[in-house]
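Let me begin by presenting the structure, written as structure tokens, before commenting on it.
To find a chain, count down the sequence lines: A is the first, B the second, and so on, and within it residues start at 1.
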Number of protein chains: 2
Amino acid sequence: MKRKITLKQIAKELDVSISTVSKSLRNSLEIGEETRLKVQAFAKFYNYKPNNIALSLKNRKTKSIGIIIPEIVHYFFSTVINGIEQVANENGYSVVICLSDDSFDKEVLNMEMLANGSIDGFIMSLSKETQYKGDFHHITEVINQGMPVVMFDRVTNDILCDKVIIDDKAAAYEAVQSLIDNGRKKIALVTTVDYVSVGKLRTDGYEKALLDNGLPFNEDLIIKIEDVDTCEITISQLLHDRAFDAVFAVNELFAVTIIKTASKMGLKVPEDLAVIAFTDGIISKYSTPSITTVSQSGEKMGNKAAKMLIERLEAEHVDDDEENENYTTEVIETHLIQRESTD
Amino acid sequence: MKRKITLKQIAKELDVSISTVSKSLRNSLEIGEETRLKVQAFAKFYNYKPNNIALSLKNRKTKSIGIIIPEIVHYFFSTVINGIEQVANENGYSVVICLSDDSFDKEVLNMEMLANGSIDGFIMSLSKETQYKGDFHHITEVINQGMPVVMFDRVTNDILCDKVIIDDKAAAYEAVQSLIDNGRKKIALVTTVDYVSVGKLRTDGYEKALLDNGLPFNEDLIIKIEDVDTCEITISQLLHDRAFDAVFAVNELFAVTIIKTASKMGLKVPEDLAVIAFTDGIISKYSTPSITTVSQSGEKMGNKAAKMLIERLEAEHVDDDEENENYTTEVIETHLIQRESTD
DNA sequence: TTTCAACACTACCACGTTTTCGTAAACCAA
DNA sequence: TTGGTTTACGAAAACGTGGTAGTGTTGAAA
């Protein structure tokens, strides 16, 4: 078990100074060829690699970016990570991931932990609790310290920073419109509780689509679900009354539960009940029937978010004083993926 | 935009030495109460937090662990990460994630990148390509440098280190046995190509269960699939011939594809065809019919792996010279989750 | 012989922290 | 006053790196 070799050890071994070694390895012309080659050979033999920590300390750059997301066991979020990681890796960055578990405290803790030098910038999606509380001091603080933050998907207007989102409202509108186009009249919306920003926006799109088509906007058809487990009961009741002939669910878990419930009750999808879900994921694809979804390319979001962050990081390098904080909000386009749950 | 404050700045501001500040903040009795409180108040006001990078350099500990997995958009792996993250966080560690994309080169690159001081230890699952090549020099190298490695799920006997696995053979045996118990005679095995270690083991368990029950082991019933896309064609052909009445699939993607194919052909699951899948995931749960699976608790694996790594990290602290490398291999228990795809 | 440039390398500083050692001042006992 | 102890703090090294500035030697031109 040999510890990693350092410049100092090489220097000692070859009886030259540390700086000579350093310069030799960087091929500086200051160093004579003989010495240079000797050092390089030695370094290669002992597999010298500069210590990242020391470099980070010196350069005040860690070349790693922090990701904070509510949970990782979630198709959408893992695709986003995938997207971030791709771009990060291409640019020589590593990725540090922390999970907030949808808890405000954990989000704050994780941010503080990473903000103390561990990373160069953040990419994050807000936890439910944070959105509920509306307390973003931990984020502003980080930003004030000059650490760039890019938010995605679950964002807030209360924070000025780069953002990557999809046009939730427009996408919801499109989905509901397609249901209407297929002759559906009573379209239910199955959504989460309001404080999750995206839930609100999708509801808005749903409402607008109905009104634009002269259909009544009926509060009773908006089913707010906090917990997936309660979904089945609520749904079966409404299905029993045949209260609707189509469902727009804000996520695929709701959608698949609805389909399963409907099937149990002898209803046919899509004949008796058409279903569209937000967030294209693995469940929709493999459900029976497979579910028509609004694609929400997590990978693209991740790509974009990483690009924005890295651009800002490298730009900062150049002009440090000039505070040109022209934050942008990037909108990733969505489209409907037609599958078996709609006709 | 104020940069984070440092000890030096505090020292300068209060006109004391850096050491005085450091000691005051650590509540050293060496420092007089007046000075101590003054420093503490000042530090609190400016929200001083020690710089992690500097601490890492000093302590030769980064308090972060590196995870290298083939892909993240994969239910099993994300549950493992979840498990790792839980334990890591509890013990004050962060988690750095790199994806090998099932590529040998990326795996090597990522390891080298992280090994240069960025992390204290690795938790990893081998990429397919690495298993195929059988080249593990990058891992031995890291281990030789004194950096602990814990492997999980896709492991190799060629490396001496701590491991967390499930008893793939026994689990496969149990699954196949349960099919036999239900009166199935012609049980097909749908598996991946051999070089993925777990695929081999599961095949062994399958074979043993058949032989132990006096059933013929028929090579024709072992269907090796490299790509999910080709799965459907292969399967439909065999289903057409009614070559088997039960399927044991080594992952849930295969299983759900088989079920879908069978349904299309008018076969009923489980009446005409019973299906069991390895790797309990989200698809199995929400498939129609839902799929009986061998649970493979990724979370538990992650927990265990993290525990083992951290234990070793903290232990190393104590006895540095004494090389007590009593590596252990932890076996996580599995059990069958009965669902609708079997009777 | 002096001067000056080129060469080959070394010294030193900074990054932020902790820790060991040192020491000045104050106090006390003899 | 002397010697010794305590109190309260400071200086400096160390972790590993990289850049700037500096130093000493050599050889050649003036």
Looking only at side-chain N and O atoms, does [Y] offer a donor or acceptor that is under 3.5 Å from a partner on [X]?
X      : Y      : answer
B:E107 : B:H138 : yes
B:T62  : B:D120 : yes
B:T20  : B:S17  : yes

**Message:** Students often mix this up, so state it plainly: with edges at 30° and 60°, are the rings of B:F42 and B:Y46 parallel, tilted or perpendicular?
**Reply:** tilted
Residue-phosphate contact under 4.0 Å: [X] side-chain N/O, [N] OP1/OP2:
X     : N      : value
B:K8  : C:dC15 : yes
B:T20 : D:dA8  : no
A:S22 : D:dG18 : yes

Could you check whether [X] gets within reach of a base, just the sugar-phosphate, or nothing at all, counting any heavy atom under 4.0 Å?
X     : answer
A:S19 : base
A:T35 : sugar-phosphate
A:L7  : sugar-phosphate

Between [N] ([atom2]) and [X] ([atom1]): distance, integer Å:
X     : N      : atom1 : atom2 : value
B:L14 : D:dC9  : CG    : C1'   : 14 Å
B:N51 : C:dT17 : CG    : C1'   : 8 Å
A:K12 : D:dA14 : NZ    : P     : 11 Å
B:I31 : D:dC9  : CD1   : C1'   : 6 Å
B:N52 : C:dG16 : CG    : P     : 13 Å
B:E33 : D:dT6  : CD    : P     : 20 Å
A:K61 : C:dG16 : NZ    : P     : 15 Å
B:L25 : C:dT19 : CG    : C1'   : 15 Å

Please determine, for the side chain of [X], which listed nucleotide ([options]) has the closest atom?
X     : options                : value
B:K58 : D:dG22, D:dC15, D:dG16 : D:dC15
B:I18 : C:dT18, C:dG16, D:dG18 : C:dT18
A:R60 : C:dC15, D:dC9, D:dT17  : C:dC15
A:Y48 : D:dG18, C:dT17, D:dA21 : D:dG18
A:E30 : D:dT17, C:dC21, C:dC9  : C:dC9
A:R26 : D:dG19, D:dG16, C:dG16 : D:dG19

**B:F136 CZ: over 12 foreign heavy atoms closer than 6.0 Å** = yes
**Prompt:** Has the side chain of A:K23 got a donor or acceptor that lies under 3.5 Å from a partner of the other kind on the base of C:dT10?
**Reply:** yes
**Message:** With hydrogens left out and only the distance checked, is there a donor-acceptor pair under 3.5 Å joining B:S17's side chain and the base of D:dA11?
**Reply:** no
**Fill in**
By nearest-nucleotide position on DNA chain D, the 5'-leaning member of B:R36 and A:L57 is B:R36
**Request:** Quick one: pull up CD in A:E112 and OG in A:S118 and give me the separation to the nearest 0.5 Å.
**Result:** 12.0 Å
